[in-house]
Amino acid sequence: MTASMETISDKLLAWYDVHARSLPWRARPGSPLTDPYRVWLSEVMLQQTTVAAVKPYFAKFTERWPSVEALAQAPEEDVMAAWAGLGYYSRARNLVKCARAAARMGGFPETEVELVKLPGVGAYTAAAIAAIAFGQRAVVVDANVERVVSRLFAIAQPLPASRKTIREKAGAITPDDRAGDFAQAMMDLGAGICAARDPDCALCPLAADCQGYASADPARFPIKAAKKAKPVRQGTAYWIAQGGKVWLVRRADKGMLGGMRAFPDDGWRAGADGSGTAPLAGEGETLGIVRHSFTHFSLEMAVVKLDSDHSPGEQAGEWWPIDDLESAGLPTLFAKAASLAAAQD
DNA sequence: CACCCGTGGTT
DNA sequence: TAACCAAGGGT
């Protein structure tokens, strides 16, 4: 065995031993595995979400619900409210379902095949839990791994068509031992050095193995298909207040902001034609416009104050103290509307 | 495979 | 500032 036989995973793991990020959901140095509950919770929170955004939520959740059994017993409503602001709210509904399933099973299953059957656990998360929490060899492919592998092998085919090739290449460099550390090392490398823009190849432990680096323009990988334009929608939300309280509804489980508390609205279908329907008749005073950008459209939502002598519409809801709206767990769009209205009401 | 589903930070 | 990006999953 010569030094030139050192594999990519050897080099990466040696780098990780020195440069691993210290994160609240990671095992302390010296303890190889960590609590599957914390691994699962962090992985779900981290789906399409930055480490910085997750940290305070992870701390809040683990303090309030220290175990999967505790979370399994929590009312869904409480979990949804605690999740407010993190986004992708189907994750919160699936979190409760998954916790109850795992608690019923006496704990999380240890194999990818079983893990992927759980609600909110897809191919990535199943592999990550199997590798990180249970020490199994699993090929963990997230956006970081896609980027690192695309550069290492200078994959010319654009995403998402290149996913099959990327998975094969990732599998070829995944070690039998320390697959969990390897996965986290790939993610740390992708987050810090092999970053989406302006990669710092001078610090990269894999530069000598990188075909993208050899090509002199590693940053052009991964090549991606063009994205669709983001349309702008208009809509209206209604502020209906009386006696220091305001009317909140619970949104349908499916669709935008599913299952979250909110102000009644017109469905945001209304364009300039004003085709939306108010929850009750009467004169309305426009308090202002809230602008908010979602993944696939932007929204300009008028906030209209309605006469409080009328009773609210047919949609089920509850009167909520205006001076305690923070505890309602409103998603950001409606939190913006609340701060706009509360300042004037 | 294409589309839907949040949010906040960065350039 | 408009666009891009971040430890994806469900349908």
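Each chain gets a letter, A, B and so on, in the order its sequence line appears, and its residues count up from 1. Note that the coordinates shown come from a computational prediction; the quantities given were computed from them, not determined experimentally.
- Distance CZ (A/R291) to P (B/dT7): 17 Å, rounded to an integer number of Å.
- Listed pair A/R147 / C/dC5 fails the phosphate criterion, with no side-chain N or O lying under 4.0 Å from OP1 or OP2.
- In this model, no side-chain donor or acceptor of A/T50 finds a partner on the base of B/dG9 within 3.5 Å.
- Taking the ring axis of A/W83 as reference, the NZ or CZ atom of A/R261 does not stay both within 45° of it and closer than 6.0 Å to the ring centre.
- Within 4.0 Å of A/A128, counting heavy atoms only, lies no atom of the nucleic acid at all.
- The nearest heavy atom of DNA chain C to A/A191 and to A/K230 marks one nucleotide each, and the one closer to the 5' end goes with A/K230.
- Out of B/dT7, B/dC5, C/dA6, the shortest distance to the side chain of A/T332 is found at B/dT7.
- Residue contacts for A/W25: at a heavy-atom cut-off of 4.0 Å it reaches a base atom on one of the strands shown.
- As rounded to whole Å, 8 Å separates atom C1' of C/dA7 from atom CD1 of A/I132.
- Using a 4.0 Å heavy-atom criterion, one finds that A/G190 contacts no nucleic acid atom at all.
- For the pair A/F297 CZ and B/dC5 C1', the computed distance is 9 Å after rounding to whole Å.
- In this structure, A/A143 reaches the sugar-phosphate backbone alone: every heavy-atom distance under 4.0 Å involves primed, P, OP1 or OP2 atoms, never a base.
- Comparing the C1' positions of C/dT11 and C/dA7 gives a spacing of 22 Å, expressed to the nearest Å.
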Please set out all donor-acceptor pairs under 3.5 angstrom arising from side-chain atoms of residues 156-164 of chain A, sequence neighbours excluded.
{"residue": "A/R163", "atom": "NE", "partner": "A/E146", "partner atom": "OE2", "Å": "2.6"}
{"residue": "A/K164", "atom": "NZ", "partner": "A/E168", "partner atom": "OE2", "Å": "3.2"}

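- Comparing B/dT10, B/dG6, C/dG8 by their nearest atom to the side chain of A/R197 picks out B/dT10.
- Checking A/R147 against A/N144 by side-chain atom types alone, a donor-acceptor pair falls below 3.5 Å.
- Looking at heavy-atom distances under 4.0 Å, A/M187 makes contact with a base.
- Listed pair A/Y88 / B/dC4 fails the phosphate criterion, with no side-chain N or O lying under 4.0 Å from OP1 or OP2.
- Rounded to whole Å, the distance from NE2 on A/H292 to C1' on B/dC5 is 12 Å.
- With hydrogens and angles ignored, no donor-acceptor pair closer than 3.5 Å exists between the side chain of A/T49 and the base of C/dG8.
- Using cut-offs of 30° and 60° for the angle between ring planes, the A/F334 and A/F263 rings count as perpendicular.
- Residue contacts shown for A/L95 are absent, as no nucleic acid heavy atom lies under 4.0 Å away.
- Around atom CG of A/D10, more than 12 heavy atoms belonging to other residues, nucleotides or ligands sit under 6.0 Å away.
- As a whole-Å value, the separation of A/K227 NZ from B/dC4 P is 14 Å.
- The backbone N or O of A/I8 sits nowhere less than 3.5 Å from a side-chain atom of A/D209 that would complete a donor-acceptor pair.
- In this structure, A/R251 CZ and A/M80 CE are separated by 11.0 Å, a value rounded to the nearest 0.5 Å.
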Contacts under 3.5 Å, N or O only, protein and nucleotides 1-3 of chain B:
none

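- Atom C1' of nucleotide B/dG8 and atom CG of A/L86 are separated by 11 Å, given to the nearest angstrom.
- The local environment of NZ in A/K336 is crowded, with over 12 non-hydrogen atoms from other residues, nucleotides or ligands closer than 6.0 Å.
- Per the geometry, OH belonging to A/Y57 stands 11 Å off C1' belonging to B/dG8, to the nearest Å.
- In this structure, A/R233 is positioned above the aromatic face of A/F297, its NZ or CZ under 6.0 Å from the six-membered ring centre and within 45° of the axis.
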When you compare the protein's N or O atoms with those of nucleotides 9-11 of chain C, which come within less than 3.5 Å of each other, and at what distance?
{"residue": "C/dG9", "atom": "OP1", "partner": "A/G122", "partner atom": "N", "Å": "3.0"}
{"residue": "C/dG9", "atom": "OP1", "partner": "A/T125", "partner atom": "N", "Å": "3.0"}
{"residue": "C/dG9", "atom": "OP1", "partner": "A/T125", "partner atom": "OG1", "Å": "2.5"}
{"residue": "C/dG9", "atom": "OP2", "partner": "A/Y124", "partner atom": "N", "Å": "3.3"}
{"residue": "C/dG10", "atom": "OP1", "partner": "A/G120", "partner atom": "N", "Å": "2.6"}

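- As a whole-Å value, the separation of A/L46 CG from B/dG6 C1' is 15 Å.
- Nearest heavy-atom pair, A/L115 versus A/A130, reported as atom, atom and distance to 0.1 Å: CD1-N, 3.8 Å.
- Judged purely by distance below 3.5 Å, without hydrogens or angles, the side chains of A/K169 and A/S150 never pair a donor atom with an acceptor atom.
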